[in-house]
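Lettering follows sequence order; numbering is per chain, from 1. Since the structure is predicted, the reported quantities are computational estimates derived from the model, not experimental observations.
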2 protein chains.
Amino acid sequence: MSEKFEFPAVTPLIASLPATVPFTGPEAIERKTGRLFRARLGANENGFGPAPSVLDALRNSLGEIWKYGDPENYDLIHALAKHYNLDPDQLTVGPGVDALLGLIVRQYIEPGDIVVNSLGGYPTFNYHVAGFGGKLVNVPYANDKCDLQALAKAAHEHKAKIVYLANPDNPLGTWHNKSDIEAFINSLPKSTLLILDEAYGELAPQGDLPPMSEIWPNVLRMRTFSKVYGLAGLRCGYAIGLPERIAMFDKVRDHFSINKMAQIAAFHALADQKYLDEVIGKINNAKQQIKEVANNHGLKTLPSATNFVAIDCGRDGKFANAVLDRLIQQGIFVRKPSVPVLDRLIRVSVGPKKELDLFAEAFASALIAADKG
Amino acid sequence: MSEKFEFPAVTPLIASLPATVPFTGPEAIERKTGRLFRARLGANENGFGPAPSVLDALRNSLGEIWKYGDPENYDLIHALAKHYNLDPDQLTVGPGVDALLGLIVRQYIEPGDIVVNSLGGYPTFNYHVAGFGGKLVNVPYANDKCDLQALAKAAHEHKAKIVYLANPDNPLGTWHNKSDIEAFINSLPKSTLLILDEAYGELAPQGDLPPMSEIWPNVLRMRTFSKVYGLAGLRCGYAIGLPERIAMFDKVRDHFSINKMAQIAAFHALADQKYLDEVIGKINNAKQQIKEVANNHGLKTLPSATNFVAIDCGRDGKFANAVLDRLIQQGIFVRKPSVPVLDRLIRVSVGPKKELDLFAEAFASALIAADKG
């Protein structure tokens, strides 16, 4: 640091943080390799895209983008409330779940407070925890699922302020059903907030997750338009909870942060549930295709209630890393966990058949190349 | 608060904050009155909209909105750097200046730290200061301009961590030239960060503001695509400063927060400087029209280097409030300052001639009605 930079100084907490990008974007890899990816299957996006009705609505609204969006997100919140049979004050909208996670950590965490997450769980959440001075306690997965008993035990032992659970899980795709989740919620300390991140919730088997009308006093439930609705590029997610808890967001949120295109797209996406059914069918077919590619090589996949499939490469992390490197080299963008035990997996997001065919071809040669070392 | 809500509890700082919407959106007024505004001239938007080339680029990119944007904002940052003859590491991009202001306050302010702003200055900045526990010292305007000497004096007296200056100013539209600004920067304590918010910078008389290549160690300079570029609905702004200071944003920013449409629109907007020249001409004509409307009633306007004009209603705040109410009742959305001395003004943003004609007509009858009390 230059002497000049000694003043004005950031806070000691900020000074202590590393500069980080929790996820390297595919664009950064493309810039580094100088080659565009042929298949974009690594960011758990929905390559089938949003409904044509949503694209029409956006096309018709382009003339409005000089206007700030409604800071109260009234239309979208009321549509969501109606859709889920909730009261509007049980919902808040944010510019993506990532941003909402940051706002929640800011609301509940002071430096030194304990937060529990699964070891290998969502890095962006961990980034926010570090960013507000929280201390992370990591609980290993058990049998490729979040270990609910161990998470609750850690919450009690460490008097955790927050426990984070992605259900369905990312990066594994596995999930717990509603009776497990309800028991888990009841098993937590009364002073612990559960962030129940259901970004992939629409892809769980119907009826497996707790009904959306269920509100618990110690839970904030998160959903998004980035995954099944195919709108990752627009940034729109929402949180559901007690009205008193939802009201806290109005103390800290950036009121104009939901861009107008996101407001319009989310509203129309929610209205087109017919398309949603169709796209869920496409996603399930794509998952089946990924599973078959793995099975054809004698490899297993984890059960998935998401828009991606974790393939067990059948050996150690080093081998799976080598497979990943060979896929990247062949222009196939996928990602994998780095934490031991999970690191034997590579995670393939759904996409159109053409891209999955490219993956299948590249995967075959990647396995051979990685095997040769 | 219900007993249930006693646990889990937000931090004492968050608990102490009021739930706030710094600006009531025109949509909320429309819902309340049950009538749509006929003219939208209150949010300092650019009713002339973005360049046709930008709309074309967006139309052609709609098929990409299922993709997350590049978390490094590489293309946009490099285009901005080239445009301003800066190094890319002297720039960061955020989802609007509002969000960047929040990130800066988070970086520099601990509870109890002092922040200096003009009395009646940007409410969203003050909201962020309160949100991180900062203590605000307000410095009155002098002769309808930010009082640079008094701001610097307050910074010294209170050992301020941050001083905020909008130049050109909002809500007044007035501005200081580059020698004033440079002297002001030099007059500040070395431990004070100046946030120099130039959201309206492109509308200042050419050469009046410091050149964009100028970087000071104690300044973060802010610009936006929301105003002259006509992209308020998409949320994209940027900050310029020392590389060491810009690097701090990578410790706390929400990496995927710039939506893909904003990245694309901003990139193309920057490339179309020919349209920018045209729209600046339209904005200046519209400002002239607003000035003439005021002058026709024997009223003065403040000089403006922004996309709005502050009309001095010539009497006290009560009278100007009555004028504003009558304008709102007639379906004309404008805003006004509420702090005494400034509260004699109403602030009219530019827009197409048709909307300004509606304003002119409504203003005449509003003045008469307000005069009758």
Side-chain angles (χ1 to χ4, degrees), chain A residues 1-2 4-5 7-8 10-11 14 17 19 21-22 25 27-28 43 45-47 49-50 55 58-59 62 64-72 95-96 98-99 102 107-108 110 131 190-193 217-218 230-235 242 244 247-248 250-252 254-257 259-261, chain B residues 1-2 4-5 7-8 10-11 14 17 19 21-22 25 27-28 43 45-47 49-50 55 58-59 62 64-72 95-96 98-99 102 107-108 110 131 190-193 217-218 230-235 242 244 247-248 250-252 254-257 259-261:
Chain A
M1 303 245 173
S2 69
K4 283 193 295 188
F5 192 59
F7 52 90
V10 296
T11 69
I14 300 297
L17 298 172
V21 179
E27 297 83 3
E45 295 156 334
N46 175 359
L55 294 175
L58 287 173
R59 215 171 278 117
L62 285 175
E64 312 258 307
I65 57 172
W66 58 271
K67 298 177 185 175
Y68 289 101
D70 171 18
E72 296 176 17
D98 282 2
Q107 287 169 55
Y108 290 90
E110 295 187 290
K190 291 206 183 302
S191 55
T192 300
L193 177 75
N218 57 333
L231 292 168
L234 280 186
R235 319 308 301 125
L242 275 194
E244 302 93 312
M248 294 293 127
D250 273 341
K251 297 179 168 202
V252 292
D254 183 8
H255 289 75
F256 290 90
S257 63
N259 74 82
K260 199 171 180 67
M261 293 294 106
Chain B
M1 303 242 174
S2 70
K4 284 191 295 189
F5 191 59
F7 51 89
V10 296
T11 69
I14 301 297
L17 299 172
V21 179
E27 297 83 4
E45 296 156 334
N46 174 359
L55 294 175
L58 288 173
R59 214 171 278 118
L62 285 176
E64 312 257 307
I65 57 171
W66 58 272
K67 300 178 185 174
Y68 289 100
D70 171 18
E72 297 176 16
D98 282 1
Q107 288 170 55
Y108 290 90
E110 294 187 289
K190 291 205 182 305
S191 55
T192 299
L193 177 75
N218 56 334
L231 292 168
L234 280 185
R235 318 309 301 125
L242 275 194
E244 302 94 312
M248 294 293 127
D250 272 342
K251 298 179 167 200
V252 292
D254 183 8
H255 289 77
F256 290 91
S257 62
N259 75 82
K260 199 169 178 70
M261 293 295 105

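Under the rule for a side-chain hydrogen bond (donor to acceptor under 3.5 Å, both in side chains), the partners of A/D70 that lie at least two apart in sequence or sit in another chain are B/R31. Residues satisfying the side-chain hydrogen bond (donor to acceptor under 3.5 Å, both in side chains) criterion with B/E64, sequence neighbours excluded, are B/K67.
Only the backbone of A/N46 comes within contact range of chain B, with heavy atoms under 4.5 Å apart. The part of A/T192 that comes within reach of chain B is its backbone (N, CA, C, O), which places non-hydrogen atoms under 4.5 angstrom from that chain.
Taking B/P95, B/G69, B/A99 one by one and counting their heavy-atom pairs under 4.5 Å with chain A, the maximum is reached by B/A99. Of the listed residues (B/K260, B/E110, B/E45), the greatest number of heavy-atom pairs within a distance under 4.5 Å of chain A belongs to B/E45. In terms of heavy-atom pairs under 4.5 angstrom with chain A, the leader among B/G230, B/G96, B/G25 is B/G230.
With hydrogens and angles disregarded, no donor-acceptor distance shorter than 3.5 Å links the side chain of B/N218 to the backbone of A/P8.
Looking at heavy atoms from C-beta onward, A/L55 lies in side-chain contact with B/I65 at the 4.5 angstrom threshold.
With values rounded to the nearest 0.5 angstrom, A/Q107 atom CD is found 7.5 Å from A/M248 atom CE.
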